[in-house]
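For reference, the structure is listed below as C-alpha cells.
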Amino acid sequence: MDFKQKIIELIKKNTKLKTDEISNLLSVPPNPDLGDFAFPCFKLGKNPVESANKLKDKIKIPDFLEKIETKGPYLNFYLDKANFTEKILTNIQKETKNYGKGREKKKILVEYCGPNTNKPLHLGHVRNMALGNAVVRILEFQGNKVIPVNIINDRGIHICQSMVAYQKWGKKQKPNKKGDHFVGDYYVLFSKKSKEDPNLDLEAKSLLLKWEEEDPETHKLWRKMNTWVLQGFQETYDRFGIAFEKEYFESEIYKQGKEVAFEGLKKGVFEKNDDKSITAPLEKFGMTNKVVLRGDGTSVYITQDMFLAQQRYEDYKFDKLLYVVASEQSMHFKQLFKILELLKRKFAKNLHHLSYGMVHLPTGRMKSREGTVVDADDIMDEISELAQKEVEKRYKNLSKKERKRRGEFISLAAIKFFMLRSDASKDMVFDPKASLSFEGETGPYIQYTHARANSILKKADVKITKVNYNLLQEPKEQALISLLSKFPTKVEETARHYKPHIICRYLLDLAQAFNEFYHACHVISEDKKLMEARVVLVAATKQVLANGLKVLGIHAPEEM
RNA sequence: GGGCCUGUAGCCUAGCCUGGAUAGGGCGCCAGCCUUCUAUAUGAGAAAGCAAUUCUCUGAAGGCAGCUGGAUACCGUGGGUUCGAAUCCCUCCUGGCCCGCCA
C-alpha cells in the first residue's frame with residue numbers, strides 16, 4: 001500500500017467521509033513547505049479552519065509520517081523523509097529499466113503514418129510518426145501488447161499523375177536519388193505542366209482506368225515506381241527509429257468494402273438512391289449523410305475503411321484500435337465509427353481517432369502541389385547538420401563518424417521532442433530556423449542532463465554498501481526524490497489519455513530539478529557516506545530519465 | 001448555416017478530464033555565475049616606495065546544450081452554479097479544421 005492509501009485510511013477512520021470522497025479531495029500541495037499531501041476540510045463543517053484543527057487533534061501520528069500540521073482550512077501531511085527516500089530509491093535500484101512499468105494487458109492496434117506513394121514524407125508525417133511511435137511505446141510500457149500498423153495509400157489519381165509525368169519525361173531513368181524523392185519530383189512536374197496543358201489530367205484519368213482494368217503494362221510501371229518509393233520510406237523509418245508490424249495496402253483492399261455496403265443495405269442501415277448509389281443516413285446523429293458506394297459500384301474512401309477495420313479485427317482481435325490521423329479527418333472517423341456501430345460491429349466502441357493538429361509553416365499552410373512543403377528527410381538533414389556543428393564546437397578532436405553519430409541522435413531528439421512537447425490537439429507553427437533551438441525546453445536538454453548524470457557517476461568512484469538514506473535531507477534532494485516517485489503515475493496518465501506531452505513536461509521538470517540539485521549539492525566529496533547516498537540518487541535520476549526518453553522514442557546518450 | 005477544436009505575460013506553452021492555498025515552465029529581456037583580452041607614454045587602485053608579480057575595480061569581447069536572481073498575466077468576453085472557478089454550465093467573440101459519389 002502506498003502512502004496516499006495509508007493517509008486516506010487515516011482520514012477515513014477519523015471522519016464520516018467515504019474512501020472515494022477522500023481520495024478525490026486529497027491532493028499534493030502547491031509547494032513543498034506545505035508537506036507531501038494536503039486535505040482540504042471545507043466539507044467537514046461550516047467552519048473549515050476549526051474542523052481542520054479538530055481533525056488534527058484526533059489523528060494519532062503513525063510511523064511513516066513525520067508530522068501533521070494545519071494551515072487555515074488545510075490539513076498538511078509530512079511524510080517521514082528517510083522512510084520515503086529509502087522506499088523510492090531502493091525501488092528504482094531494484095526495477096531499473098522497468099521502473100514505472102504498468103500492468104495493463106490489452107491488445108492494442110495503433111495505425112499511424114499512412115503515406116501516399118506519390119511523394120516523400122513531409123513535416124506533417126514527422127509529427128504523426130513522432131506521436132504514433134511515442135504512443136506505441138507508452139502503451140507498451142504500460143504493459144499492453146501493442147501492434148503498430150501502417151496503411152499505404154498506393155493507388156488513385158495522384159499516383160497516376162506521377163506515373164504520367166514519368167512516362168513522358170522520365171526517359172526510363174532509374175532513380176538517381178532516394179526513390180520517394182525521385183518519384184515526388186515527377187508529381188511536382190505533373191502539377192506544373194498540367195496548368196498549361198489540361199490534357200494531362202485526362203491522361204492521368206485514363207491511366208487510372210487502365211490500372212483498374214489491371215492492364216499489365218500499367219501495373220508493371222506502377223509496381224516499379226511504388227517499389228522505389230517504399231524503399232525510400234523504409235530508409236526514413238529506419239532513420240527515425242520506427243517499424244511496423246504489418247503494412248496494409250490500399251490497392252489490396254479498396255474493392256473489398258463493397259460487401260460491407262451491401263450488408264448494410266440488407267440490414268436496413270443504409271439506403272439505396274435512384275442512381276443505385278448507397279448512402280448511410282447519419283443526419284439524425286448530427287452529421288451529414290455519407291455515400292458509401294458510388295452508383296457505378298466503385299468504392300469511396302470510407303468504403304475501404306469500413307472493411308479494413310473488420311479485417312484488422314479478424315487479424316488481431318484487438319481490444320482497442322487507435323487511428324493516429326490529423327484533425328482534418330475528424331468528421332471522417334466520426335462517420336466511420338457511427339456506421340460500424342450501426343452495423344453492430346462489437347469492436348465499434350473500441351475505435352479511437354487520435355487526432356493531432358496541423359503543422360503550419362511561418363509562410364502558411366503547406367501545399368504539396370505548390371512545392372511549399374518541407375520534406376521529412378530535408379528537415380532531419382538540416383537539423384542534424386546544425387547539431388554536428390554544435391558538437392564540433394565543443395569537442396575538436398572527435399572523429400568525423402562520431403561527430404555524425406552524435407549530431408544525428410541529438411537532432412532526432414530535438415525534432416521528436418519539439419513535436420511531442422505540447423498537446424497534440426493543437427496546431428503548431430514550425431519555423432525550421434527558429435523553432436529548433438537546443439536550449440530551453442528541448443530534447444537535447446534532457447539528453448544533456450542524462451549525460452551529465454552519467455559523467456558524475458563515472459567520476460564518483462565509490463562502492464555502494466549500505467546507504468544511509470537519512471543523509472538526503474537537503475530541499476533540492478527532497479524535491480528530486482519526490483519527482484522520481486511520480487514517474488509511474490505520469491506513465492499511467494500518459495497512457496490513459498494518449499498524451500505523450502505529459503511525459504515531456506515531467507522530464508523537463510525532472511531534468512531541471514536534477515540540475516538544481518547538483519549545483520546546490522556536490523556529489524563528489526570527502527564525506528564518503530554522503531557521497532554514497534548522493535551517487536544512488538544520481539543513478540536513480542539517470543535511470544528515470546532514460547526510461548522516460550525511451551517511451552518517447554528518444555536516445556539517452558552516455559555522453560554528448 | 002451545421003459539426004469539431006482552440007484562446008493563459010512581447011512570443012511559445014502547462015494546468016481544464018477529477019473545482020481548493022501564491023496560475024507552473026520555456027524563448028526573449030535585465031543583472032550575475034564561467035573564460036579571455038586590454039591598459040607597453042592611452043584607465044584607476046592595493047600589497048609602505050621602485051621593479052617584478054599578484055589582486056581588486058573599471059572597460060571590452062567571448063562563451064554558454066548548465067546554474068542564480070529580476071521584470072512581465074483583467075487565464076478571450078459577459079453571465080450562472082459554488083464556501084471557493086483558468087478548471088463545471090450558458091451567451092457572445094477570435095483563430096483553425098471539416099461538412100465531396102477526393103483521399
Side-chain angles (χ1 to χ4, degrees), chain A residues 20 23-27 29-31 33-34 38-43 45-48 71-74 76 114 116 151 153 155-159 250 254 273 275-279 282-283 285-305 325-335 353 355-358 360 365 387 390-391 393-394 410 413-414 418 421-423 425-429 431 434-435 437-449 451-452 493 496-497 499 501-502 504-506 508-509 511-512 514-520 560:
Chain A
D20 287 355
S23 173
N24 269 336
L25 290 170
L26 194 67
S27 57
N31 86 56
D33 293 345
L34 297 168
F39 184 72
C41 301
F42 302 99
K43 294 242 162 94
K46 284 225 165 124
N47 187 338
K71 173 113 187 198
Y74 289 89
N76 294 328
N116 294 332
I151 171 75
N153 302 303
R155 62 161 285 278
I157 190 73
H158 49 293
I159 312 286
E250 189 190 341
Y254 81 104
N273 304 311
D275 63 353
K276 290 184 181 168
S277 64
I278 299 178
T279 304
L282 298 174
E283 254 168 359
F285 305 107
M287 299 169 229
T288 47
N289 292 340
K290 184 71 195 168
V291 169
V292 297
L293 201 69
R294 291 195 189 98
D296 62 6
T298 59
S299 51
V300 294
Y301 184 51
I302 203 165
T303 323
Q304 58 162 327
D305 263 347
V325 180
S327 62
E328 53 187 351
Q329 293 198 38
S330 297
M331 183 58 89
H332 167 75
F333 283 106
K334 221 176 137 185
Q335 291 174 324
H353 174 208
S355 157
Y356 61 89
M358 315 288 291
H360 299 283
R365 199 177 168 172
E390 291 292 320
V391 172
K393 256 195 236 166
R394 290 171 177 78
I410 291 166
F418 182 82
R421 74 174 176 193
S422 49
D423 196 308
S425 66
K426 291 189 177 185
D427 287 2
M428 60 161 63
V429 174
D431 183 347
S435 291
S437 142
F438 300 129
E439 293 166 44
E441 299 182 323
T442 64
Y445 171 61
I446 313 282
Q447 287 183 316
Y448 183 67
T449 308
R452 268 190 138 156
E493 208 180 326
R496 183 154 42 94
H497 297 287
K499 285 181 184 295
H501 82 273
I502 295 173
C504 292
R505 297 318 313 184
Y506 171 78
L508 287 169
D509 288 345
Q512 194 162 17
F514 177 75
N515 283 319
E516 285 174 25
F517 149 73
Y518 88 77
H519 273 266
M560 65 186 273

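Hydrogens, waters and symmetry mates play no part in the numbers below; they use all other heavy atoms, side chains included. We name chains A, B, ... by the order of the sequence lines, and we start the count at 1 in each one. Note that this is a predicted model, so its numbers are computed, not measured.
Across B:G1 and B:C92, the matching P atoms stand 11 Å from one another, rounded to whole Å. Here, B:G32 and B:C64 have their C1' atoms 14 Å apart, quoted to the whole Å. A gap of 37 Å separates the P atoms of B:C17 and B:C29, to the nearest Å. Nucleotides B:C98 and B:A103 place their C1' atoms 14 Å apart, quoted to the nearest Å. If you take atom P in B:G66 and the same atom in B:A23, they sit 27 Å apart, rounded to whole Å. Nucleotides B:G76 and B:U87, compared at atom P, are 8 Å apart to the nearest Å. Comparing the C1' positions of B:G95 and B:G100 gives an interatomic distance of 25 Å, to the nearest angstrom. Taking atom C1' in both B:U94 and B:C5, one finds a spacing of 13 Å when rounded to whole Å.
Regarding contacts with the backbone of B:C64, every side-chain N or O of A:Tyr448 stays at 4.0 angstrom or more from both OP1 and OP2. For the OP1/OP2 pair of B:C102 and a distance below 4.0 Å, the side-chain nitrogens and oxygens of A:Arg294 include at least one atom meeting the criterion. Here A:His332 does not reach the OP1 or OP2 of B:C99: none of its side-chain N or O atoms lies under 4.0 Å away.
Note on A:Asp275: a base of the nucleic acid sits closer than 4.0 angstrom, heavy atoms only. Residue contacts shown for A:Met560 include a base, since a base heavy atom lies under 4.0 Å away. If you check every strand for non-hydrogen atoms under 4.0 Å, A:Gly295 touches a base. Looking at heavy-atom distances under 4.0 Å, A:Ile410 makes contact with a base. Residue contacts shown for A:Asn515 are limited to sugar-phosphate atoms, with no base heavy atom under 4.0 Å away. Nucleic acid contact class of A:Val325 (heavy atoms, under 4.0 Å, all strands): none. Looking at heavy-atom distances under 4.0 Å, A:Glu516 makes contact with sugar-phosphate atoms alone, never a base. Using a 4.0 Å heavy-atom distance criterion, A:Pro29 is classed as a base contact. Nucleic acid contact for A:Tyr301: base, since at least one base atom lies under 4.0 Å from a heavy atom of the residue. A:Arg496 comes within 4.0 angstrom of a base, heavy atoms only.
When each of B:A21, B:G26, B:U13 is scored by its nearest atom to the side-chain atoms of A:Pro30, the top-ranked nucleotide is B:A21. Listed nucleotides: B:A103, B:U68, B:G26. Nearest to the side chain of A:Gln512: B:G26. Distances were taken from every side-chain heavy atom of A:Leu34 (C-beta onward) to each of B:A103, B:U13, B:A21; the shortest belongs to B:A21. Distance from the side chain of A:Val300 is smallest for B:C101 among the nucleotides B:A65, B:G20, B:C101. Among B:A103, B:A14, B:A21, the nucleotide with an atom closest to any side-chain atom of A:Ala38 is B:A21. Here the nucleotide nearest the side chain of A:Val291, chosen from B:A65, B:C97, B:C101, is B:C101. Residue A:Met331 places its side chain closer to B:G3 than to any other of B:A21, B:A65, B:G3. Among B:G25, B:A21, B:U6, the nucleotide with an atom closest to any side-chain atom of A:Lys426 is B:U6. Picking from B:A21, B:U6, B:G66 the nucleotide with the shortest atom distance to the side chain of A:Asn76 gives B:A21. Distance from the side chain of A:Ser277 is smallest to B:C101 among B:C101, B:C97, B:C67.
Atom OH of A:Tyr518 is separated from atom C1' of B:C33 by 13 Å (rounded to the nearest Å). Rounded to an integer number of Å, the gap from CG of A:Asn273 to C1' of B:G100 is 15 Å. Between the P atom of B:C5 and the CD atom of A:Gln329 lies a distance of 17 Å, rounded to the nearest Å. Across the protein-nucleic acid pair, A:Phe418 atom CZ and B:A14 atom C1' stand 16 Å apart, rounded to whole Å. In this structure, the CD atom of A:Glu283 is 13 Å from the C1' atom of B:G3, given to the nearest Å. In this structure, A:Gln335 atom CD and B:C102 atom C1' are separated by 14 Å, rounded to whole Å. A straight line from CZ of A:Phe333 to C1' of B:C99 spans 16 Å, rounded to a whole angstrom. One interatomic measurement links the two molecules: CG of A:Leu25 to P of B:U82, which rounds to 18 Å at whole-angstrom precision.
Judged by closest nucleotide on RNA chain B, A:Gly286 is the one of A:Gly286 and A:Lys499 placed further toward the 5' end. Across the interface with RNA chain B, nearest-nucleotide mapping of A:Asn116 and A:Asn24 shows A:Asn24 to be the residue nearer the 5′ end.
When only modelled atom types and interatomic distance are considered, A:Gln329 and A:Tyr301 share a side-chain donor-acceptor pair under 3.5 Å. In summary, the side chains of A:His332 and A:Asp305 do present a donor paired with an acceptor at a separation below 3.5 Å, with no hydrogens or angles considered.
Rounded to the nearest 0.5 Å, atoms CG (A:Asn116) and NE2 (A:His158) are 4.0 Å apart. For the atom pair CD1 (A:Ile151) and CD (A:Glu250), the distance works out to 6.5 Å, reported to the nearest 0.5 Å. The CG atom of A:Asn24 lies 8.5 Å from the NZ atom of A:Lys43; values are rounded to the nearest 0.5 Å. The CG atom of A:Asp427 sits 7.0 Å away from atom CE of A:Met358, with the distance rounded to the nearest 0.5 Å.
In this structure, B:A51 forms no base pair with any nucleotide, since neither Watson-Crick nor G-U wobble geometry is met with both distances under 3.5 Å. Pairing partner, B:G7: B:C93, with both Watson-Crick or wobble hydrogen-bond distances short of 3.5 Å. Nucleotide B:C102: unpaired (no Watson-Crick or G-U wobble partner with both distances less than 3.5 Å). Nucleotide B:G69 has B:C30 as its partner under the Watson-Crick or G-U criteria, with both atom distances under 3.5 Å. Nucleotide B:A60 forms a Watson-Crick or G-U wobble pair with B:U36, both donor-acceptor distances falling under 3.5 Å. Base pairing of B:U82: no nucleotide in any strand meets the Watson-Crick or G-U wobble criterion (both distances under 3.5 Å).
Of the charged side-chain nitrogens involved, at least one lies within less than 4.0 Å of a carboxylate oxygen, so that A:Glu441 and A:Arg505 count as a salt-bridged pair.
Stacking here means ring centres nearer than 5.5 Å and ring planes tilted less than 30 degrees, and by that measure A:Tyr74 does not stack onto B:G20.
For A:Asp423 and B:U13, a side-chain-to-base donor-acceptor distance below 3.5 Å is absent, hydrogens and geometry of angles not being considered. For A:Asp427 and B:C5, a side-chain-to-base donor-acceptor distance below 3.5 Å is absent, hydrogens and geometry of angles not being considered.
A:Ser299 places a side-chain N or O within donor-acceptor distance of the main-chain N or O of A:Tyr254, the cut-off being under 3.5 Å. For the pair A:Asn31 (side chain) and A:Asp33 (backbone), a donor-acceptor distance under 3.5 Å is present.
With A:Tyr518 as the aromatic partner, A:Arg452 does not meet the cation-pi criteria of under 6.0 angstrom to the ring centre and within 45 degrees of the ring axis.
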